[in-house]
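Below, chain A is the first sequence line, B the second, and so on; all start at residue 1.
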There are 2 protein chains.
Amino acid sequence: MDRKKKLGQFIEACRHSGLKITPQRVAVYEVLLTREDHPTVEDIYNEVKKKYPFVSLATVYRTVETLEELGLIRKVAYWGSSVRYDANTSDHHHLICVQCGAIRDVEFCLDWTPPTNIQGYRVHKYSLHIYGVCPVCQAKEN
Amino acid sequence: MDRKKKLGQFIEACRHSGLKITPQRVAVYEVLLTREDHPTVEDIYNEVKKKYPFVSLATVYRTVETLEELGLIRKVAYWGSSVRYDANTSDHHHLICVQCGAIRDVEFCLDWTPPTNIQGYRVHKYSLHIYGVCPVCQAKEN
DNA sequence: AACCAATCTGCTAATGATTTTCAATATAGA
DNA sequence: TCTATATTGAAAATCATTAGCAGATTGGTT
Ligand SMILES: [Mn+2]
Ligand SMILES: [Mn+2]
Ligand SMILES: [Zn+2]
Ligand SMILES: [Zn+2]
């Protein structure tokens, strides 16, 4: 719904940084704004290709890097083989399926604030990883 | 302290699964039991090489996979380029340096238990990732 | 609208991490 | 000790990601 607003911010951020607004960049960010599943670069690429069949994988890699530098998306910590991205940059937690790797946002917040200093680390923020089996994988267990 | 006990469990687990007890396997697990910094495979390899200069990187990769299958070690969720392993398989949390990637165990527990079902996921366990700047990186800030 | 400098893109080659292949070797049990 | 089987080291293969480059786009300027 405020996808338009987010896209506006993106265009603003590009202008501010002297970056050009290209259809590929917009398409990559749009895919990320639409998807709730923390897609890989390959996932994004496949989605963008539907609209721009000649887009290259390298461009998608470059674009997610740019978007990350602009602070518009972030990587999700994960132990799988490829990096997964998240356009939700607000503080939130993740539900991770230990079978298939599906990652979803947790819809509640934890009312816990970490100390600003833990074991000498100057703490910025935290994130909860909740591991379990997703509905799809549960269904497969029959 | 109970390194001996853990090694004993490892040997027991190998016997139980028909796996052979080789010096390389023992050395890899010993390195993991010793280190508190969640090393990469390369880190482990460099350490094992001190004792067995002819060990191969492939063997270390194979061994960590075996150890993981036995449930004796686990991967740490992380967004860096190489996987990091943890011989501490009990529930605990991690402090992660956003500058250098140093990962340490958090020494406290959170008295929070997640619901067994969240958004359809059958929940197993959770882990907290606390992000900040480690003492070493703080010192470098001058 | 045509022009231009700088940025981007697509393609391909290079890299880095991890896995596989396979012949030679080590382990465990008889 | 002998033997079947699992494991190892070395090299090649694979997968994810990055870099290099020539040609195309973009966003101002005339
Ligand atoms: Mn998310
Ligand atoms: Mn740990
Ligand atoms: Zn699943
Ligand atoms: Zn650090």
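Judged by distance alone, with hydrogens and angles left aside, the side-chain atoms of Y126(A) form a donor-acceptor pair with the main-chain N or O of W112(A) at under 3.5 Å. With hydrogens and angles ignored, the 3.5 Å screen pairs a side-chain donor or acceptor of Q138(A) with a backbone N or O of G120(B).
In this structure the side chain of V41(B) never reaches within 4.5 angstrom of the side chain of V83(B), judged on heavy atoms. Put simply, the side chain of L72(B) does not reach to within 4.5 Å of the side chain of T89(B), judged on heavy atoms. For the pair L67(B) and Y85(B), the minimum side-chain heavy-atom distance is 4.5 Å or more. Using a 4.5 Å heavy-atom threshold, the side chains of R25(A) and I21(A) count as separate.
Atom-to-atom distance recorded for L32(A):CG and I44(A):CD1 is 4.0 Å, nearest 0.5 angstrom.
Shown for residues 6-24 of chain A: residues whose heavy atoms fall under 4.0 angstrom of DNA chain D, namely K20(A), I21(A), P23(A). For DNA chain D, the residues of residues 52-73 of chain A within the heavy-atom distance limit of 4.0 Å (strictly under) are A58(A), Y61(A), R62(A), sorted by number.
The OH atom of Y45(B) sits 14 Å away from the P atom of dT8(D) (whole-angstrom rounding). In this structure, D43(A) places its CG atom 13 Å from C1' of dA16(D), rounding to the nearest Å. Counting to the nearest Å, the C1' atom of dT17(D) and the CH2 atom of W79(B) are 18 Å from each other.
One side chain, H94(B) or D105(B), offers a donor N or O that lies under 3.5 Å from an acceptor on the other.
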